[in-house]
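What follows is a short report on a single structure.
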Amino acid sequence: MQLKGILSSLNSKHKVFILGSAVVDLVLSVNRLPKSGEDISAAFQGGKVGGCAFNVADVLIKLNLPCSTYFPVGEGMFSQIVKQEFIKRSLEVSQVCGCGDNGWNLSIVEPDGERTFITMSGLECRMQKQWFDKFCLSDFDYFYLSGYQAEGENGDVMLEILKRKRKDSFLVFDPGPRSEFIPTEKLHCFEKLNCIYTINAKEACILSGKNYPDEAALELCKRTGNPAVITDGAKGAYLACNNQVSLIPGASVKVADTIGSGDSHTGGFIAGLMCDLALEDAVKLANYTAAYVTAHQGAACAPTADQMLAFFNETL
């Protein structure tokens with residue numbers, strides 16, 4: 001199906017719960033990353049509210065697809081920035097007192113658009129089970145979780161929370177660069193929660209122990225018994241399902257930066273899942289969404305359906 005047909009087919013049929021982080025991204029542009037001990041110049045590109053879960057939810061919100069979210073908002077300088085962004089967007093502010101500030105990232109962007117993160121975690125990595133008591137998690141069909149919330153003691157809390165979901169509901173899980181910090185036994189616990197992996201090629205090869213992304217996709221699919229989606233930049237994304245793997249081509253764009261690109265891909269894929277699109281079409285939507293975000297600067301810059309159509313009519 002072509003992009004226009006995919007977008008016109010977006011009619012929510014399943015309930016989605018996005019849990020995780022809303023943090024502040026401070027973006028610097030550099031000619032190259034510094035070596036140890038160097039002093040280099042940078043250009044400050046500004047600050048913006050991002051975070052993996054917030055970026056995923058941004059895609060669904062922009063496509064007018066309903067979703068439930070939980071992003072804790074703490075107390076402090078960065079929490080205030082997050083709170084003001086939520087008020088601006090008419091999003092619920094889940095204020096948590098006495099647990100510290102929200103986290104922040106220093107996002108360093110090189111001329112080719114590649115980003116390097118230095119992350120300062122906040123209360124979003126110190127979740128508490130009682131924060132979720134107001135939700136009936138058995139109502140939801142799809143859940144999203146990032147690896148940033150799956151490691152350490154916070155990962156234990158997330159596992160306890162996700163045990164409240166229905167067994168037939170799915171966990172869309174992007175461990176990202178944190179998979180090497182999550183013990184294998186804990187990863188297997190997440191995999192047993194009817195898990196669908198979405199992750200980039202480099203990270204998938206590390207996670208799976210395979211050398212190539214198509215092999216990694218098949219391995220992760222076998223582990224969970226569910227589809228796996230492995231992104232590979234402008235090439236597109238590998239979709240593994242039923243012991244078969246195919247490459248769904250991506251869209252070529254001029255790269256502004258890659259901040260939030262993987263998250264937006266996951267958001268586009270979830271949009272397709274919740275609307276019962278064919279898996280191939282869900283990945284196509286994800287590829288276009290990620291390409292649009294890659295062509296624009298900063299986090300949480302997903303397009304509306306009209307913006308996506310207009311952009312790709314001009315660039316393809």
Side-chain angles (χ1 to χ4, degrees), residues 3 6 20 50-53 55-56 58-60 107 109 112-117 142 144-148 150 170-180 195-221 223-224 226-241 244-273 277-296 299-303 308 312:
L3 178 60
I6 290 172
C52 294
N55 293 337
V56 170
D58 183 56
V59 174
L60 303 183
S107 302
V109 181
D112 64 355
E114 185 58 81
R115 87 289 183 271
T116 299
F117 289 149
Y142 290 96
Y144 165 81
L145 184 70
S146 161
Y148 286 95
F170 293 92
L171 170 65
V172 180
F173 183 37
D174 179 5
R178 310 309 299 173
S179 59
E180 58 186 304
C195 168
I196 298 173
Y197 271 117
T198 64
I199 188 171
N200 74 33
K202 178 181 178 181
E203 295 159 354
C205 289
I206 294 171
L207 179 61
S208 66
K210 301 296 183 180
N211 293 322
Y212 300 100
D214 56 342
E215 295 176 348
L218 280 172
E219 172 63 22
L220 296 180
C221 177
R223 285 189 193 178
T224 65
N226 287 319
V229 178
I230 311 301
T231 61
D232 198 8
K235 291 181 182 178
Y238 292 92
L239 169 64
C241 185
Q244 295 183 330
V245 62
S246 57
L247 176 63
I248 311 299
S252 180
V253 296
K254 182 178 179 181
V255 177
D257 65 49
T258 57
I259 297 172
S261 298
D263 303 329
S264 63
H265 194 279
T266 300
F269 182 58
I270 292 174
L273 291 176
L277 295 187
L279 285 174
E280 292 82 0
D281 289 332
V283 176
K284 283 182 186 177
L285 175 60
N287 288 349
Y288 279 111
T289 305
Y292 180 97
V293 168
T294 301
H296 294 77
C301 59
M308 197 184 308
F312 287 107

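These values consider heavy atoms only, across backbone and side chains, with no hydrogens, waters or symmetry-generated copies.
Partners of Ala290 under the side-chain contact (heavy atoms from CB on, under 4.5 Å) rule, at least two apart in sequence or in another chain, are Ser264, His265.
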Audit row: Asp214, Leu247, side chain to side chain contact (heavy atoms under 4.5 Å, CB included) steps and yes/no
CA-CA 8 Å; Asp214 56 342; Leu247 176 63; over 6 Å; no
Go through the steps to decide whether Leu279 and Phe269 satisfy the test side chain to side chain contact (heavy atoms under 4.5 Å, CB included), and finish with yes or no.
CA-CA 8 Å; Leu279 285 174; Phe269 182 58; 4.2 Å; yes
Dump the intermediate steps for side chain to side chain contact (heavy atoms under 4.5 Å, CB included) on Val253 and Phe312, then the final yes or no.
CA-CA 9 Å; Val253 296; Phe312 287 107; 4.1 Å; yes
Apply side chain to side chain contact (heavy atoms under 4.5 Å, CB included) to the pair Leu220 and Ile230, showing each step before the final yes or no.
CA-CA 10 Å; Leu220 296 180; Ile230 311 301; 3.9 Å; yes
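In this structure, CZ on Arg223 lies 6.5 Å from OG on Ser208, to the nearest 0.5 angstrom. The CG atom of Leu207 lies 5.0 Å from the CD1 atom of Ile199; values are rounded to the nearest 0.5 Å. To the nearest 0.5 Å, the span separating CG on Leu145 from SG on Cys195 amounts to 9.5 Å. From Leu239, atom CG reaches atom OG1 of Thr198 across 12.0 Å, with rounding to the nearest 0.5 Å. Here the CZ-CD1 distance, from Arg115 to Ile259, works out to 8.0 Å after rounding to the nearest 0.5 Å. Considering CG of Asp174 and OG1 of Thr266, their distance stands at 4.5 Å, rounded to 0.5 Å.
The two atoms that bring Ala217 and Tyr238 nearest to each other are CB-CB, 4.3 Å, heavy atoms only. Smallest separation of non-hydrogen atoms from Asp58 and Cys301: OD2-N, 3.5 Å. When all heavy atoms are compared, the tightest approach of Tyr144 to Ala53 is CE2-CA, 3.6 Å. The minimum heavy-atom distance between Ile6 and Asp281, with the atom names listed, is CD1-O, 3.8 Å. Pairing each heavy atom of Met308 with each of Tyr288, the nearest pair is SD-CB, 3.9 Å. Closest heavy-atom contact between Ala282 and Gly272: CB-CA, 3.8 Å.
Here the side chain of Asp232 pairs no donor or acceptor atom with the backbone of Ala237 at under 3.5 angstrom. Side-chain N or O atoms of Asn226 include none that pairs as donor or acceptor with a backbone N or O of Ile196 at under 3.5 Å. Using a distance-only test at 3.5 Å, with no hydrogens or angles considered, a donor-acceptor pair links the side chain of Asn287 to the main chain of Ile248.
By the 30° and 60° cut-offs, the orientation of the rings of Phe170 relative to Tyr142 is parallel.
Looking at heavy atoms from C-beta onward, Cys221 lies out of side-chain contact with Tyr197 at the 4.5 angstrom threshold.
In summary, Glu280 and Lys284 do not engage in a salt bridge, as defined by a charged side-chain N under 4.0 Å from a carboxylate O.
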